[in-house]
Every structure is written in C-alpha cells, then in structure tokens.
Asker: 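Quick one: this structure, given as structure tokens, is what I'll be asking you about.
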Protein chains: 4
Amino acid sequence: MGGMTGERRLGRPRSEGTRTAILTAALEELESGGYAALTIDGIARRAGCGKQTIYRWWPSKADVVLEALLERAETTIEIPDEGSLSDDLLAFLTATFRQRGQRPTLVGLMAQALLDPVFATAFKEKFLFRRRAALRVVLERAAARGELAEGADLELLMDVVYGVLWYRLLLDHAPLDEPAAERLAALIVRATR
Amino acid sequence: MGGMTGERRLGRPRSEGTRTAILTAALEELESGGYAALTIDGIARRAGCGKQTIYRWWPSKADVVLEALLERAETTIEIPDEGSLSDDLLAFLTATFRQRGQRPTLVGLMAQALLDPVFATAFKEKFLFRRRAALRVVLERAAARGELAEGADLELLMDVVYGVLWYRLLLDHAPLDEPAAERLAALIVRATR
Amino acid sequence: MGGMTGERRLGRPRSEGTRTAILTAALEELESGGYAALTIDGIARRAGCGKQTIYRWWPSKADVVLEALLERAETTIEIPDEGSLSDDLLAFLTATFRQRGQRPTLVGLMAQALLDPVFATAFKEKFLFRRRAALRVVLERAAARGELAEGADLELLMDVVYGVLWYRLLLDHAPLDEPAAERLAALIVRATR
Amino acid sequence: MGGMTGERRLGRPRSEGTRTAILTAALEELESGGYAALTIDGIARRAGCGKQTIYRWWPSKADVVLEALLERAETTIEIPDEGSLSDDLLAFLTATFRQRGQRPTLVGLMAQALLDPVFATAFKEKFLFRRRAALRVVLERAAARGELAEGADLELLMDVVYGVLWYRLLLDHAPLDEPAAERLAALIVRATR
DNA sequence: GAGTAACCGAGACGGTACGTCAAGTCTTCCA
DNA sequence: TGGAAGACTTGACGTACCGTCTCGGTTACTC
C-alpha cells in the first residue's frame with residue numbers, strides 16, 4: 001500500500017517552511033507564556049502566517065503542539081533489553097523521566113486532552129499509548145523469562161509506572177530524577193515477585 | 001479560639017441562599033455541558049444572580065466548583081483501622097475508588113489546576129493533599145506494626161496509589177472498580193514486604 | 001405662615017453635617033476628576049456616608065451638584081440699576097461672565113440636563129431661568145426709560161446674551177472676559193436702538 | 001495626485017454593508033430611546049454585527065452618531081449670495097434653523113462633547129466649525145461690500161448666531177422657526193450698522 | 001503559455017465570554 | 001427613623017480570541 005505519491009494533489013503544494021515556522025512558533029509561545037496563554041492568533045503572529053493556514057492543517061492548537069512535540073522528541077522510543085527486568089526497568093524509567101524537562105508542554109497537552117475529548121483520543125493514540133506499548137514489551141520479555149509471578153496484571157503495572165510519572169509531572173510535588181527512577185524500579189520488581 | 005461570632009461584620013451579610021444557588025448551579029452546568037462549557041455567565045444565569053456576586057467571593061470558576069465539590073463530598077475522609085495493612089488498604093482504596101462517579105468534576109478541576117497555578121495551589125491544599133494525609137496515616141500505622149520493610153518510601157507508595165487513581169481517572173482507559181482496588185492493594189502489600 | 005415647623009417628621013432628623021459633607025464631597029470629586037468621572041459611589045466614599053443617604057435626599061447625582069452649586073454661588077443675583085441700559089448691561093455681563101471659573105461644574109450640569117429631562121426641568125427652574133429673570137428686569141427698566149425700539153423682542157435679546165455665554169462656555173473657543181462683556185453689551189445696545 | 005486607489009490595503013476589505021447598517025442602527029436606536037439609552041451593545045444587536053466591528057472603526061458611540069449625522073445631512077453647506085447682508089443672513093438662518101428636526105441627535109452629540117474632550121474636538125472640527133466657516137463667508141462678503149461698521153467683531157457675531165441657535169436647541173424653551181430667523185437676522189443687521 | 005486549483009498573508013467579520021464598573025435597591029446593626 | 005456599611009441584581013463597558021470569510025497574490029500542475 002503506501003501510495004504516498006499516488007494522491008498527488010492539484011494546485012500549490014503545502015509550504016514546508018510555513019509548517020515548520022508554525023510548529024516552532026507554537027513551542028516558543030508555549031515556553032514564553034505557558035499553555036494557558038497559547039492562542040492561535042499568537043502562533044500565527046509569531047510564525048508570520050495567517051490563521052487560516054493553521055486551521056487548514058490542524059483541528060486545534062493542541063494538535064499543533066502535539067505535532068511539534070512528536071517532531072522534536074526522539075522519534076523512536078528505545079526499548080532496553082539488558083536481560084533482567086530490574087535493569088530493563090531502570091533503563092526505561094531513567095530515559096522516560098528525562099522527559100520532565102518538557103513538563104510545561106506535557107502538562108498543557110494533558111490539560112487540553114481533559115477538556116477536549118477529540119484531542120484526547122489523538123493524544124492517547126499518538127503519544128501516551130505508544131509509550132505504554134514500549135513498556136509492555138519490557139514486561140512481556142520479563143514474563144517470558146519467568147521473572148513475573150503467575151497472573152501478574154501487566155496493565156496495572158504499566159499504570160503504576162505511568163501513574164507515578166504523570167502524577168508527579170502534573171502536581172510537581174516530588175522529583176522525577178534518577179533516584180526516583182531507581183526506587184520505582186525496585187518497587188515494581190518487588191511487587192512482581 | 002472561639003470568638004467566631006465576635007468578628008461580626010458591618011453591612012448586609014452575605015446571602016447564604018445565593019451562595020448555595022451558585023454552588024448548585026455550577027454543578028448542574030458542569031453535568032449538563034462538561035467542564036469546558038462551564039462559564040461564569042452561565043453559572044450566574046442559572047443561579048439567578050449577578051456575575052459580580054460570583055467574582056466577589058471566588059477568584060475563578062474552578063474555585064466555585066472546588067467549593068461545591070468539597071461541600072457535597074463527605075466532609076471527613078474515613079481512615080480505616082482494621083489491624084493490618086492489607087485490610088486497611090483495601091478499605092481505603094475501595095472507598096476512594098467510589099469517587100469515580102465524580103470523574104467529570106475531578107477531571108475539570110485537574111484541567112484548571114494544570115492551566116492556572118494559583119488554583120493549583122488551592123486544589124492541592126484543600127483537596128489532593130488532604131487525601132494523601134489520610135493515606136499517610138494508614139501507612140504509618142502499618143510501619144508502627146512492623147508491616148513495612150525498613151526504609152520504605154512512604155511518599156512513593158502514596159504516589160503509586162494516587163498516581164494509578166488519577167491516571168485511570170484522567171485517561172479513562174481502565175476500570176476503577178472493586179477488583180482494581182483489590183489488585184492495587186495486593187500490589188502495594190507485596191511491594192512493601 | 002411658613003409652617004416650617006408644622007411638618008415636623010418622626011424619627012431621627014436629617015443630619016445637617018452629613019448633608020454638607022455630601023455637597024462638599026461632590027464638588028471635590030467634580031474638581032478632581034471632571035463631571036464624567038463623578039459617581040455616587042465616589043461621593044459617598046469621600047463624604048464618609050452610605051449611598052442610600054444620598055439616594056434618600058436627591059434623585060440624581062446632578063441634583064447633588066446643582067444644590068452644591070446653588071449653595072456656594074451668591075444666593076442673590078444682583079440686578080444693577082445704573083440709570084442706562086448700557087451701564088446696566090455692562091455691569092450685569094461683567095458679573096455674569098465671572099462665573100466662567102465654574103465652567104466644569106456648569107458644563108457638567110448642562111450635560112446632565114441634556115441627557116435627563118427630569119433634571120433638565122430642575123436645572124432650568126432653579127438656575128437658568130432665575131438668571132434670565134434678572135436680565136429681564138434690566139431690559140424692562142430700559143424699555144420703561146424708552147431706550148428700546150418699539151416692539152423689541154426681549155426674549156430674543158435674553159437668548160442672545162445667554163446664548164453667547166453658554167456657547168462660549170460649552171465650546172471654550174473664545175474668551176468670556178471683560179472685553180468680551182463690553183463688546184457684547186455694545187452689540188446689544190446697538191441692536192436695540 | 002490621484003492614486004486614491006493606489007493605497008489598496010491587504011486583507012479582507014471593510015464591509016460597506018456593515019458600515020451602513022451600523023450607522024442606520026445608531027440613528028434608529030437614537031430615535032427610539034433617546035441618546036441616553038444609546039449603547040454600543042444595542043447598536044450592534046440592531047445592526048446584526050459584532051461589537052468589535054464598531055470598536056474597530058469608531059472610538060465611541062458619539063463618533064458613530066456624528067458620522068451618521070454627517071452622512072445623512074446635506075454634505076455641502078449652502079452659502080447664500082443674494083447681494084445684501086440682510087438677505088444672505090435670512091437665507092442662511094432659515095436654512096440652518098431647519099436642522100431643528102435633528103434636535104435629539106444634536107443635543108446628544110453636544111452632551112457627549114461636554115463629557116468627553118476627545119470627542120469634543122472631533123465634533124467641533126467636523127461639524128460646528130464647518131458651519132461657522134460658512135457664516136464667516138457671508139459676513140466677510142458683507143464687510144467687503146461695506147455693510148459692516150468699522151471694527152465689527154465677526155467672531156462675536158458668529159457666536160451670537162450660533163449661541164442663540166444652540167441655546168434654544170438645548171433648552172427648547174423658544175421656537176427656532178422662520179419668524180425667529182427673521183428677527184435674529186434683523187437684530188444682527190441692526191447691530192452691525 | 002494560458003488556465004486551473006490550491007496554497008499563502010492579511011485582516012475584517014459575527015460571535016461568546018471575559019472581568020470591571022457603576023447604578024440603584026435591600027438588609028443588617030447601631031444611634 | 002436616620003445613617004454607615006456593604007451585599008445584592010442588573011446591565012453596559014471595552015477586550016480577547018474564536019473560527020470563518022474574503023481579498024490580492026503565488027506556485028505548482030494540466031492542457
């Protein structure tokens with residue numbers, strides 16, 4: 001399938017420069033004033049483009065931010081394979097917790113997802129559930145190695161990992177650093193024996 | 001202490017009826033259209049009062065909703081004391097998970113907290129951290145009974161509990177029912193041995 | 001007659017001090033911010049009284065200002081009687097033009113009169129037409145002395161005098177000083193021969 | 001010269017239909033409820049447009065009314081040239097007094113000018129002083145013909161004419177009809193001999 | 001190389017909600 | 001009853017963005 005070139009459209013093609021300018025402008029606006037102050041008008045002004053150009057390609061400002069985030073983030077989620085659940089988990093959590101620098105962006109996207117069910121679906125599919133899938137691989141490998149107790153609830157384990165991550169990200173009341181990753185990994189390991 | 005009535009204020013006193021009408025109207029508006037569609041104008045219209053009256057007493061619409069929630073929720077958080085961590089946790093989680101019926105309200109409040117740092121502080125103090133404090137009592141009792149391993153990270157344990165709760169509340173991808181409470185309680189118990 | 005004391009009212013009598021404070025406050029507010037910025041709230045705040053006290057005694061803020069103006073202005077309008085129309089007019093106009101110092105107050109009252117027909121009636125009766133009556137005496141004396149041409153239109157003459165006065169007061173495009181009084185007096189005299 | 005069309009602006013052009021609708025709505029609102037009851041909200045509602053569209057083009061509601069008035073009034077002020085001051089004045093005053101039908105509009109504009117110095121400037125420039133300029137031509141022609149006494153004060157004469165006009169317009173205590181025009185013209189002629 | 005189609009910037013448009021202001025009324029306690 | 005205090009309903013204010021639209025102008029492909 002694919003057929004990427006098959007559906008060549010008539011007329012002037014989409015301007016790649018403008019697309020990039022919009023994504024960049026969105027992130028800059030977000031950093032300078034926070035997500036609450038983010039507006040389509042503002043993005044358009046900063047990107048030097050018309051509002052219509054934004055509305056033509058994205059259904060909401062959150063989709064712009066999501067695309068910008070996905071573009072700038074590592075496009076591939078690394079799945080460690082060190083041979084033991086303990087090591088894999090530690091590697092995975094350490095890498096994941098490094099995203100905390102993007103807290104304002106992530107928090108803004110989550111806020112939007114909470115307010116807008118349509119965007120929520122996109123956010124889950126394109127972002128949240130892809131991370132979960134990576135973690136699932138780690139856990140399934142551990143299960144195959146017999147490291148997990150019988151009938152372990154993989155879903156719950158994933159929710160523990162991402163629950164702690166997002167809870168700390170959203171409330172900002174406790175660190176998301178390397179020691180935290182170690183303690184959480186240890187907790188998971190203990191819970192699965 | 002006392003003297004609560006000593007500081008009787010001059011002028012016409014605040015109308016209790018209006019206050020109640022506003023809180024009720026806020027919850028009704030929230031249920032009928034979701035948090036995103038909640039407006040001060042709408043609350044005032046439904047409550048049959050002026051907007052100014054709302055602005056006089058609450059800094060934002062989220063504060064109105066928060067007060068309404070606190071008023072209607074059980075005012076006291078029950079702290080079980082069954083004699084074992086396992087039973088206490090199960091009781092606590094079962095009671096806590098029953099709040100899932102208020103998902104739209106809670107999700108809306110969280111969204112507002114993510115967008116508005118001032119409200120975030122109020123939300124944490126008046127709601128989130130009070131629940132945490134109750135759970136802390138449960139865990140400390142277990143520690144006193146020697147049920148927890150040396151050097152257990154109470155903060156992390158609480159974040160696991162509330163992380164899972166909020167993560168499922170926000171994403172709505174997995175149940176928050178009694179079996180879930182049982183599994184989560186079991187996981188915590190295993191992790192603390 | 002009089003019967004001033006006949007209609008003695010029940011209850012606590014009106015506070016003269018408060019009444020004075022309100023009139024003073026009104027003039028001060030007016031001078032400090034102009035008529036457009038005058039508010040009942042502001043007057044009450046400055047006078048240290050409740051709004052209700054103002055509403056109890058005056059129908060509108062303009063009535064407060066009008067009463068303040070009447071109280072502070074010379075309570076009696078002097079009617080010159082020098083023996084000739086020329087001298088009488090000059091004396092009258094010179095005295096009248098001296099009111100130009102109260103331009104902001106007068107302009108504010110006129111604005112209110114233009115917007116509020118009820119106040120307009122009060123303004124005419126208590127202020128404008130009393131001044132006209134004084135001028136009428138001057139003109140009628142001149143007519144009795146045979147200084148006016150047959151069939152002179154006294155109403156028109158008064159409108160010329162007060163028309164010029166108010167037109168310059170309102171537009172503030174030309175002086176209302178002694179030379180202006182002289183020229184206008186001379187014009188009137190020429191026009192009545 | 002020319003080039004009027006050269007300065008074509010970017011973006012969607014101003015809607016002439018909306019502009020007309022606003023001006024019409026303003027006059028209708030004014031007629032139906034008087035100037036005091038005129039609101040931007042009301043104009044926008046009646047014109048079927050957004051408030052912003054009004055604010056975009058006019059600084060205040062008075063400016064809307066002024067533009068509406070200027071548009072509907074004879075765009076050119078006729079300057080009679082009959083050969084004598086007497087005839088010219090009579091013609092001018094008769095034509096001018098016919099404006100009395102627009103009393104509510106004119107009174108409202110004057111009220112606004114008294115309360116708002118910024119609008120006052122616009123009102124004088126675009127309306128009041130243009131009428132004065134026409135009268136000045138009449139008087140200067142008379143002076144050139146030798147009909148005016150030496151050293152006649154043209155400014156004062158104009159203030160007499162417009163003073164009487166506005167004084168009667170504002171107070172509404174005496175007619176502004178043809179006989180009044182005749183008497184005022186005669187008075188001016190007598191005063192200038 | 002003329003025509004067509006979709007893009008682009010700019011910015012005006014009808015709306016909705018915002019948060020503020022003042023108006024005039026009402027309700028409390030105190031003198 | 002008068003008066004100070006201050007909460008109340010009401011409604012207009014002027015602003016900010018929303019998402020849509022209408023211009024002139026640009027860039028590709030199609031005939």
Side-chain angles (χ1 to χ4, degrees), chain A residues 8-15 17-19 21 37-45 47-57 59-61, chain B residues 8-19 37-45 47-57 59-61, chain C residues 9-15 17-19 21-22 37-42 44-45 47-57 59-61, chain D residues 8-19 21 37-45 47-57 59-61:
Chain A
R8 188 67 186 80
R9 303 260 289 284
L10 277 182
R12 178 176 175 177
R14 179 173 183 182
S15 157
T18 297
R19 182 181 156 276
L38 195 66
T39 66
I40 297 275
D41 278 300
I43 297 171
R45 216 175 302 125
C49 74
K51 284 197 293 175
Q52 193 63 262
T53 303
I54 299 179
Y55 283 113
R56 210 190 321 268
W57 302 108
S60 81
K61 64 185 178 184
Chain B
R8 184 68 187 75
R9 300 259 295 286
L10 280 180
R12 177 175 177 175
R14 179 173 181 182
S15 159
E16 182 55 31
T18 298
R19 182 180 154 276
L38 194 66
T39 66
I40 297 276
D41 277 308
I43 296 172
R45 219 174 299 125
C49 75
K51 282 195 294 176
Q52 193 62 57
T53 303
I54 299 179
Y55 283 114
R56 208 192 322 274
W57 301 109
S60 80
K61 63 185 179 185
Chain C
R9 302 261 291 284
L10 279 181
R12 177 174 171 180
R14 178 173 182 181
S15 157
T18 297
R19 182 179 155 277
I22 290 170
L38 194 67
T39 67
I40 296 275
D41 279 298
R45 215 174 303 124
C49 73
K51 284 198 293 176
Q52 192 61 263
T53 305
I54 299 179
Y55 283 114
R56 208 190 320 272
W57 301 108
S60 82
K61 64 184 178 185
Chain D
R8 184 66 186 77
R9 300 260 295 286
L10 281 181
R12 179 174 174 176
R14 178 173 182 182
S15 159
E16 182 56 30
T18 297
R19 183 180 153 276
L38 194 67
T39 66
I40 296 275
D41 277 308
I43 297 172
R45 218 175 300 126
C49 74
K51 282 198 292 178
Q52 194 61 54
T53 303
I54 299 178
Y55 284 113
R56 206 188 328 267
W57 301 109
S60 79
K61 64 184 178 183

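FYI, side chains are in, hydrogens and waters are out, and symmetry mates aren't considered; it's all heavy atoms of this structure.
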Asker: With DNA chain E as reference, determine whether Leu38(C) or Tyr55(B) sits nearer its 5' end, using the nearest nucleotide of each.
Answerer: Tyr55(B)

Asker: Which pair of non-hydrogen atoms, one from Gly50(B) and one from Ala44(B), has the smallest distance, and what is that distance?
Answerer: C-CB, 4.1 Å

Asker: In dot-bracket notation, what is the pairing pattern of DNA chain F, taking Watson-Crick (N1-N3 plus N6-O4 or O6-N4) and G-U wobble (N1-O2 and O6-N3) contacts under 3.5 Å, with [ ] crossing and | for other strands?
Answerer: |||||||||||||||||||||||||||||||

Asker: Within this structure, what is the CD1-NZ distance for the pair Ile22(C) and Lys61(C), rounded to the nearest 0.5 Å?
Answerer: 15.5 Å

Asker: Expressed in angstrom and rounded to an integer, what is the separation of Lys61(B) atom NZ from dC18(E) atom P?
Answerer: 6 Å

Asker: What is the minimum heavy-atom distance between Ala21(C) and Ala47(C), and which atoms define it?
Answerer: O-CB, 3.7 Å

Asker: Rounded to whole angstroms, how far apart are CD1 on Ile43(D) and C1' on dG14(E)?
Answerer: 16 Å

Asker: Quick one: the side chain of Gln52(B) and the base of dC21(E), do they pair up donor-acceptor inside 3.5 Å?
Answerer: yes

Asker: A cation-pi test, strictly: NZ or CZ of Arg19(B) under 6.0 Å from the centre of the six-membered ring of Trp57(B) and no more than 45 degrees from its axis. Yes or no?
Answerer: no

Asker: To the nearest Å, give me how far apart CD1 (Ile40(B)) and P (dT15(F)) are.
Answerer: 21 Å

Asker: Side chains of Ile43(A) and Thr39(A): does their closest heavy-atom pair fall under 4.5 Å?
Answerer: no

Asker: Figure out the CD1/C1' separation between Ile54(C) and dA23(E), and round it to whole Å.
Answerer: 12 Å

Asker: Drop me the distance from Ile40(C)'s CD1 to Thr53(C)'s OG1, to the nearest 0.5 angstrom.
Answerer: 11.5 Å

Asker: What does the list of N/O pairs under 3.5 Å between the protein and nucleotides 5-8 of chain E look like, with a distance for each?
Answerer:
{"from": "dA6(E)", "atom 1": "N3", "to": "Arg12(A)", "atom 2": "N", "distance (Å)": "3.4"}
{"from": "dC7(E)", "atom 1": "OP1", "to": "Arg9(A)", "atom 2": "NH2", "distance (Å)": "3.2"}
{"from": "dC7(E)", "atom 1": "O4'", "to": "Arg12(A)", "atom 2": "O", "distance (Å)": "3.3"}
{"from": "dC7(E)", "atom 1": "O2", "to": "Arg12(A)", "atom 2": "NH1", "distance (Å)": "3.2"}
{"from": "dC8(E)", "atom 1": "OP1", "to": "Ser15(A)", "atom 2": "N", "distance (Å)": "3.3"}
{"from": "dC8(E)", "atom 1": "OP2", "to": "Arg56(A)", "atom 2": "NE", "distance (Å)": "3.1"}
{"from": "dC8(E)", "atom 1": "OP2", "to": "Trp57(A)", "atom 2": "NE1", "distance (Å)": "3.1"}

Asker: Nearest heavy atom decides the nucleotide; on that basis, is Ala47(D) or Asp41(C) closer to the 5' end of DNA chain E?
Answerer: Ala47(D)

Asker: For a 4.5 angstrom cut-off between non-hydrogen side-chain atoms, does Asp41(C) reach Lys51(C)?
Answerer: yes

Asker: Look at the side chain of Lys51(D) and the base of dG14(F), then say whether one donor and one acceptor between them are separated by less than 3.5 Å.
Answerer: yes

